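Reckoned from all heavy atoms, side chains included, excluding hydrogens, waters and symmetry mates. Numbers here are sequence positions counted from 1. Being a predicted model, the structure only gives us computed values, none of them experimental.
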Amino acid sequence: MPLLHIHGGKDEVVSAEHHIEIYKESREKETAKSTFIFLPEGDHWFTQAGDRKILLQETSKWFKNVL
């Protein structure tokens, strides 16, 4: 199953470095494409308008390509 993972670098709820590595390791044997997007200034809720815009654009693009 394809995966889209978007994570903010300033997420204080979920550690970006730790969880991105866990997701990448867990997906190594998957044949479906995994997409990882890191927003350095993003927080857990993507409160900055620019981050929300990227989040929505990338999510929409991903759904169009996957579904």
Side-chain angles (χ1 to χ4, degrees):
M1 179 177 295
L3 171 80
L4 171 64
H5 183 108
I6 302 175
H7 207 107
K10 293 188 176 180
D11 188 335
E12 294 180 358
V13 177
V14 180
S15 165
E17 295 81 17
H18 180 69
H19 284 83
I20 290 172
E21 289 307 313
I22 289 172
Y23 273 107
K24 285 182 179 181
E25 288 175 13
S26 70
R27 301 289 295 177
E28 286 178 356
K29 295 179 183 176
E30 289 291 328
T31 56
K33 184 178 178 185
S34 298
T35 303
F36 295 92
I37 299 172
F38 183 71
L39 301 176
E41 299 300 313
D43 60 16
H44 188 73
W45 298 275
F46 300 100
T47 56
Q48 300 297 318
D51 290 330
R52 280 195 311 273
K53 182 178 179 180
I54 293 169
L55 175 76
L56 293 172
Q57 287 174 336
E58 293 297 327
T59 301
S60 294
K61 182 170 59 174
W62 186 84
F63 275 119
K64 287 177 185 176
N65 291 329
V66 172
L67 297 181

Asks: First locate atom NE2 of H7, then atom NE2 of H44, and finally report the distance between them rounded to the nearest 0.5 Å.
Replies: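 Interatomic distance, H7 NE2 to H44 NE2, rounded to 0.5 Å: 8.0 Å.
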
Asks: If you measure from CZ on F36 to CD on E21, what distance do you get to the nearest 0.5 Å?
Replies: 9.0 Å

Asks: Between atom CD of E41 and atom CZ of F46, what is the distance when rounded to the nearest 0.5 Å?
Replies: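 It comes to 12.5 Å.
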
Asks: Any chance you could measure K61, atom NZ, to T35, atom OG1, to the nearest 0.5 Å?
Replies: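 If I round to the nearest 0.5 Å, the distance is 9.0 Å.
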
Asks: What's the shortest heavy-atom distance between G9 and A16, and which atoms?
Replies: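 Heavy atoms only, the tightest pair is CA-CB, 4.5 Å.
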
Asks: Rounded to the nearest 0.5 Å, what separates atom CG in L3 from atom CZ in R27?
Replies: 4.5 Å

Asks: For a side-chain contact (heavy atoms from CB on, under 4.5 Å) check, start with the C-alpha distance between F63 and L4, then their side-chain angles and the critical distance, and finish with the verdict.
Replies: CA-CA 9 Å; F63 275 119; L4 171 64; over 6 Å; no

Asks: Atom CD1 in I6, atom OG1 in T59: separation rounded to 0.5 Å?
Replies: 4.0 Å

Asks: Please determine whether residues V66 and L55 belong to a single hydrophobic cluster, defined as Ile, Leu, Val, Met, Phe, Trp and Tyr linked transitively by side-chain heavy-atom distances below 4.5 Å.
Replies: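 Yes.
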
Asks: Of all the heavy-atom pairs spanning A32 and P2, show the shortest one and how long it is.
Replies: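 The pair with the smallest heavy-atom distance is CB-N, 3.4 Å.
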
Asks: Mind running side-chain contact (heavy atoms from CB on, under 4.5 Å) on E12 and D43 for me, showing each step along the way?
Replies: CA-CA 7 Å; E12 294 180 358; D43 60 16; over 6 Å; no

Asks: Around Y23, counting heavy atoms of other residues, nucleotides and ligands shown, do more than 12 lie under 6.0 Å from its OH?
Replies: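 No.
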
